[in-house]
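One-based numbering, in listed order, for ligands and for the atoms of each. The structure presented is a predicted model; accordingly, all values stated were derived computationally and were not measured.
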Amino acid sequence: MLRCGIVGATGYTGIELIKILGRHTYAQLSALTSRQPKPFPVRQLVPEAPEDPDVVVRPFNFSEVRDAVDAVFLCLPHTEAARTAAKFYRAGKIVIDLSADFRLKSARLYEAWYGVRHAAKNILGRAVYGLPEMNREAIRSADLIANPGCYPTGAVIGLYPLLKRRLIDPDSIVIDAKSGVTGAGKRLSPHTQFCAVDENFYAYKVNRHQHMPEIEQALGKAAGRRIAVTFVPHLLPMKRGIMTALYLKVRKGAGAPQIARAFGECYGEEPFVRFRGEGQFPALADVQGTNFCDVGFSLEKRNGRLIVITAIDNLLKGASGQAVQNMNIRAGFPEHEGLKVW
Ligand SMILES: NC(=O)c1ccc[n+]([C@@H]2O[C@H](COP(=O)([O-])OP(=O)(O)OC[C@H]3O[C@@H](n4cnc5c(N)ncnc54)[C@H](OP(=O)(O)O)[C@@H]3O)[C@@H](O)[C@H]2O)c1
């Protein structure tokens, strides 16, 4: 059994992790923590959890968690995550960080986009970007896994095969993404409370969203050159899911068969990407509650414009599901363990 800890267990991603790890055959929930001053039963967070006096959420204490776990999931705000990750990493634990703290390879870029000093620069170079579809081999031996952001997951999965196969103009990428409100975490803000969101729909942080450099870094790696995207995030009046529409110019000679082949060959063996083919577009309801990323496309011959649509559940493939997928890869467990819905 792999002994697992969740730091920040009371947030949206922490609660999803409790559910997934609770049904995992080879993982054991050994430490759950939050900033609440007194311990409380996990059932207060996940009512369907079995009654178990040992599964309790406790105030965070580093040495207690260190001694109780082999792997730790950090579900903390950025900066706080980097500080905590450094301690567990130095103690020889497998660290899977759901925050943005280790996703960008450049501390300077991180500081420019997040507006804070990087709290663990000395281990930044050790982090592996945990997108299995791109980095599975590196994840197998990583002790510090930077779990990707939710928007980057939906965007990069839709673009990676096309850039790898040189089928699109890398300077033409427009990412038009819509997220459910859980993407912002449980903390209340004027922009995410019920009256701002219900029966409303709006774009925000256009070309300013902190996930932009992460997307560009991953795409740059696939393309072998620098990429600058246009990114328009929106907030949907619903709880979970991200629908991403990618608007792209195809290169001369690239038609629908080549595009379908690129997706089919890249993702045919992937356990959590379902390529649906040309003219088949996913809906959020298809992926909510699952770790799947569904992908479809349409190529308009008259203007050479390619539209790729992807759909994910931001809390699963966009966060906790992908984190467990990474843990499974790292620990040598079947990749779908804990993540099967059928
Ligand atoms: N939500 C998503 O769709 C999503 C997707 C991908 C990545 N992420 C990232 O994953 C991380 C967790 O996201 P989330 O949505 O679960 O956030 P959340 O709902 O706001 O939960 C954050 C957790 O961290 C604890 N916490 C907050 N401030 C803290 C501090 N200063 N020190 C220690 N603990 C603190 C909170 O617990 P208490 O208040 O009980 O202590 C809570 O358990 C974030 O970095 C986020 O950017 C989120």
Side-chain angles (χ1 to χ4, degrees), residues 5-20 31-40 42 44-46 56-62 65 72-85 87-88 95-104 110 113-114 116 118-120 129-131 145-157 177-189 192-193 205 209-211 214-215 233 235-236 238-244 284 287-289 291 293 311-326:
I6 305 173
V7 179
T10 54
Y12 288 153
T13 60
I15 290 172
E16 290 301 319
L17 274 170
I18 294 172
K19 292 179 188 169
I20 301 169
L32 302 172
T33 76
S34 85
R35 290 174 304 175
Q36 308 299 314
K38 290 208 175 106
F40 62 91
V42 74
Q44 279 184 26
L45 296 175
V46 181
V56 167
V57 183
R58 299 181 193 284
F60 179 69
N61 174 304
F62 172 68
V65 180
V72 64
F73 294 87
L74 303 180
C75 300
L76 299 170
H78 63 272
T79 311
E80 194 55 42
R83 269 190 241 142
T84 314
K87 292 189 199 161
F88 284 110
V95 179
I96 303 175
D97 177 29
L98 281 80
S99 88
D101 282 346
F102 297 98
R103 296 181 197 153
L104 296 177
Y110 171 91
W113 280 85
Y114 287 85
V116 287
H118 198 287
Y129 189 62
L131 192 66
I145 298 174
N147 213 57
C150 45
Y151 281 125
T153 297
V156 175
I157 288 177
K178 294 105 185 163
S179 174
V181 185
T182 52
K186 72 172 184 179
R187 210 176 18 155
L188 258 186
S189 90
T192 54
Q193 55 183 271
K205 293 190 182 175
H209 195 283
Q210 64 279 10
H211 285 171
E214 181 185 336
I215 293 171
L235 204 64
L236 282 171
M238 49 197 294
K239 285 190 254 185
R240 54 203 287 173
I242 294 182
M243 174 76 72
T244 305
L284 286 183
V287 295
Q288 279 158 339
N291 195 47
C293 175
I312 60 168
D313 184 321
N314 58 294
L315 291 178
L316 293 173
K317 186 60 176 163
S320 308
Q322 185 141 265
V324 173
Q325 190 181 351
N326 281 320

Who's the nearest protein heavy-atom neighbour of [atom], and how far?
{"atom": "atom 18 (P) of ligand 1", "answer": "Lys186 N, 3.6 Å"}
{"atom": "atom 45 (O) of ligand 1", "answer": "Leu76 O, 2.7 Å"}
{"atom": "atom 15 (O) of ligand 1", "answer": "Gly185 CA, 3.3 Å"}
{"atom": "atom 24 (O) of ligand 1", "answer": "Cys75 O, 3.4 Å"}
{"atom": "atom 39 (O) of ligand 1", "answer": "Arg35 NH2, 2.8 Å"}
{"atom": "atom 46 (C) of ligand 1", "answer": "Leu98 O, 4.5 Å"}

Does ligand 1 come near enough to [X] that some N or O of the ligand is less than 3.5 Å from an N or O of the residue?
{"X": "Gly8", "answer": "yes"}
{"X": "Gly14", "answer": "no"}
{"X": "Gly11", "answer": "yes"}

Query raised in the report: How does Thr182 reach ligand 1, by side chain, by backbone, by both or by neither, if only non-hydrogen atoms under 4.0 Å count?
Result: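 Looking at Thr182 and ligand 1, just backbone atoms fall under 4.0 Å.
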Query raised in the report: Side chain, backbone, both or neither: which part of Arg103 has a heavy atom under 4.0 Å from ligand 1?
Result: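 It is the side chain that touches ligand 1; the backbone stays farther off.
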Between [X] and [Y]: side-chain donor-acceptor atoms closer than 3.5 Å:
{"X": "Glu214", "Y": "Tyr129", "result": "yes"}
{"X": "Thr10", "Y": "Gln36", "result": "no"}
{"X": "Gln210", "Y": "Lys205", "result": "yes"}

Report task. For a side-chain hydrogen bond (donor to acceptor under 3.5 Å, both in side chains) with Arg240, tell me which candidate from Thr182, Asp313, Asn314 qualifies. Result ->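 Per the side-chain hydrogen bond (donor to acceptor under 3.5 Å, both in side chains) rule, the option paired with Arg240 is Asp313, out of Thr182, Asp313, Asn314.
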Query raised in the report: Would a 4.0 Å cut-off, counted as strictly less than, catch a protein heavy atom around atom 13 (O) of ligand 1?
Result: yes
Report summary line: Residues Ser99 and Leu76: closest non-hydrogen pair is CB-O, 3.5 Å
Query raised in the report: Thr10 heavy atoms, cut-off 4.0 Å: which ligand 1 atoms fall inside?
Result: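 Near Thr10, meaning under 4.0 Å from one of its heavy atoms, ligand 1 has 36 (C), 37 (O), 38 (P), 40 (O), 42 (C), 43 (O).
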